[in-house]
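Atoms within a ligand are numbered from 1 in the order they appear, just like the ligands themselves. It should be emphasised that the depicted structure is a prediction, and the values quoted were computed from it without experimental measurement.
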Amino acid sequence: MKKPVIIDCDPGHDDAIALLLAFASDALDVKAVTTVAGNQTLEKTLRNALNVLDFAGIEVEVAAGAAKPLMRDLIIAPEVHGESGLDGPAFPPSKLKPSKRGAVEVIVDTVRKSDAKVTLIPTGPLTNIAMALISHPEIKEGIERISLMGGACFGGNWTPAAEFNILVDPEAASIVFGSGIPITMCGLDVTHRAQIYEDEVETLRKMNRKVATMVAELLDFFGKFHSRFGFKGSPLHDPCAVAWVIDPGMIATRKLHVDIETSGEFTTGATVVDYYNVLKKDKNADVAFDIDRERFIKMIFDAMKHYD
Ligand code: BDR
Ligand code: CA
């Protein structure tokens with residue numbers, strides 16, 4: 001049976017690829033897409049999700065969620081994702097319309113109605129997920145796991161200590177990591193190993209498919225940002241959280257205790273990973289450290305063959 005999943009995202013170049021990977025998979029039944037403010041404002045991340053899905057011919061309920069973090073001002077990332085949040089390819093106006101329902105309502109209702117437990121795949125700040133868990137704690141029973149992109153055991157990308165998604169809404173992250181729901185944390189430790197190189201972007205372009213070409217154009221833009229920081233390729237952060245759900249054997253994880261720093265002078269937004277089990281606390285996350293990169297890139301290539 002296909003695994004029912006909900007993708008909560010802030011597209012975002014890598015979020016867009018995560019969506020395409022999930023919808024191409026025979027292992028997943030994507031019940032809904034919800035959007036959150038993060039890489040750009042909510043208005044833009046919603047528009048980007050609709051544009052990408054419509055471009056790929058995907059029909060699904062797309063619901064907008066939180067326009068700002070639970071307790072803080074929004075931080076956005078135009079340096080990485082451009083003014084639109086998805087700079088690079090030109091998208092025709094989307095014919096897909098956003099749902100009349102909000103993200104929390106869609107998440108709660110989908111979990112309640114599903115026969116099988118639902119896996120949540122958040123690839124942006126955790127605001128929507130935290131709001132759903134706080135307002136409807138009973139849905140925890142219906143959630144199989146949360147496979148998220150966020151955090152890092154060793155070093156941040158937005159501050160020396162914090163990864164972007166967790167930094168934007170640390171209070172929400174704290175609620176999610178403290179929820180008791182099994183968590184797979186695909187943080188920078190793994191996603192920086194999940195890079196796609198320039199020659200592989202060219203392979204995508206040479207597929208002569210509309211969607212693969214659009215992805216190559218996304219990666220042209222995304223790659224320029226990363227090359228300035230000495231990356232060999234573009235880290236495909238968000239697709240890792242999807243890839244783990246499709247093929248967990250591809251990603252090496254360790255069961256560890258993770259707390260979220262919400263008030264540090266230098267460390268707000270850090271995922272404090274008890275790597276050496278100093279605290280002897282419950283292990284609340286499977287933290288990802290390594291990936292079979294070539295298998296992962298092949299998975300991305302294969303996914304593109306599902307689209308025009
Ligand atoms: C994360 O932040 C965003 O820029 C990406 O979409 C990814 O979810 C990486 O830190
Ligand atoms: Ca993202």
Side-chain angles (χ1 to χ4, degrees), residues 6-22 33-42 44-49 51-53 62 64-66 69 74-88 103 120-129 146-170 172-173 176 184-196 215 218-219 221-226 228-229 231 233-244 260 268-271 287-288 291:
I6 299 172
I7 302 186
D8 183 68
C9 57
D10 63 337
H13 294 67
D14 50 334
D15 301 77
I17 300 168
L19 285 169
L20 295 169
L21 180 60
V33 171
T34 53
T35 61
V36 66
N39 285 324
Q40 262 296 352
T41 60
L42 180 67
K44 292 183 183 179
T45 59
L46 174 65
R47 188 200 308 143
N48 292 340
N51 281 348
V52 168
L53 294 167
V62 183
L74 178 64
I75 303 168
I76 56 172
E79 305 87 326
V80 190
H81 299 278
E83 272 315 308
S84 70
L86 206 52
D87 277 13
L120 305 183
I121 309 181
T123 62
L126 290 162
T127 321
N128 291 342
I129 308 295
I146 300 176
S147 177
L148 61 89
M149 190 284 136
C153 182
F154 303 111
N157 63 355
W158 218 254
T159 73
E163 179 280 328
F164 180 78
N165 288 341
I166 306 295
L167 179 72
V168 173
D169 200 342
V176 170
T184 300
M185 175 179 134
C186 293
L188 301 176
D189 313 287
V190 71
T191 67
H192 282 172
R193 290 169 177 255
Q195 292 185 36
I196 184 163
V215 168
L218 284 175
L219 290 168
F221 185 92
F222 206 45
K224 275 191 198 116
F225 170 82
H226 287 97
R228 288 205 291 278
F229 289 87
F231 282 82
S234 291
L236 294 177
H237 304 284
D238 296 339
C240 288
V242 174
W244 185 87
I260 307 297
T268 299
T271 42
V287 181
I291 187 162

field: Pair Thr268-Thr159, side chain to side chain contact (heavy atoms under 4.5 Å, CB included): steps then yes or no
entry: CA-CA 9 Å; Thr268 299; Thr159 73; over 6 Å; no
- request: For Leu188 and Met149, run side chain to side chain contact (heavy atoms under 4.5 Å, CB included): C-alpha distance rounded to whole Å, both residues' side-chain angles, the deciding distance at 0.1 Å, then the answer.
  value: CA-CA 8 Å; Leu188 301 176; Met149 190 284 136; 4.1 Å; yes
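- At a cut-off of 3.0 Å, measuring from the Ca ion (ligand 2), the protein N, O or S atoms that fall short of it are Asp10 OD1, Asp15 OD1, Asp15 OD2, Thr123 O, Asp238 OD2, waters left aside.
- Without hydrogens or angle criteria, Gln40 side chain to Pro78 main chain gives no donor-acceptor distance under 3.5 Å.
- Remark: His81 pairs with His13, Asn39 by the side-chain hydrogen bond (donor to acceptor under 3.5 Å, both in side chains) rule, at least two apart or across chains.
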task: Carefully, step by step, assess Leu120 and Asp8 under the rule side chain to side chain contact (heavy atoms under 4.5 Å, CB included).
output: CA-CA 7 Å; Leu120 305 183; Asp8 183 68; over 6 Å; no
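- Within 4.0 Å of ligand 1, counting heavy atoms only, the contacting residues are Asp14, Asp15, Asn39, His81, Thr123, Met149, Asn157, Glu163, Phe164, Asn165, His237, Asp238.
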- request: Show the numbers, then the answer: is there a side chain to side chain contact (heavy atoms under 4.5 Å, CB included) between Leu219 and Val215?
  value: CA-CA 6 Å; Leu219 290 168; Val215 168; 3.9 Å; yes
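- The aromatic rings of Phe229 and Phe225 are tilted relative to each other, their planes meeting at an angle between 30° and 60°.
- Listed by chain and number, the residues in a side-chain hydrogen bond (donor to acceptor under 3.5 Å, both in side chains) with Ser84 are Asp87 (sequence neighbours excluded).
- Tested against Thr123 for a side chain to side chain contact (heavy atoms under 4.5 Å, CB included), the candidates Asp15, Val36, Leu148, Ile17 yield a single pass: Asp15.
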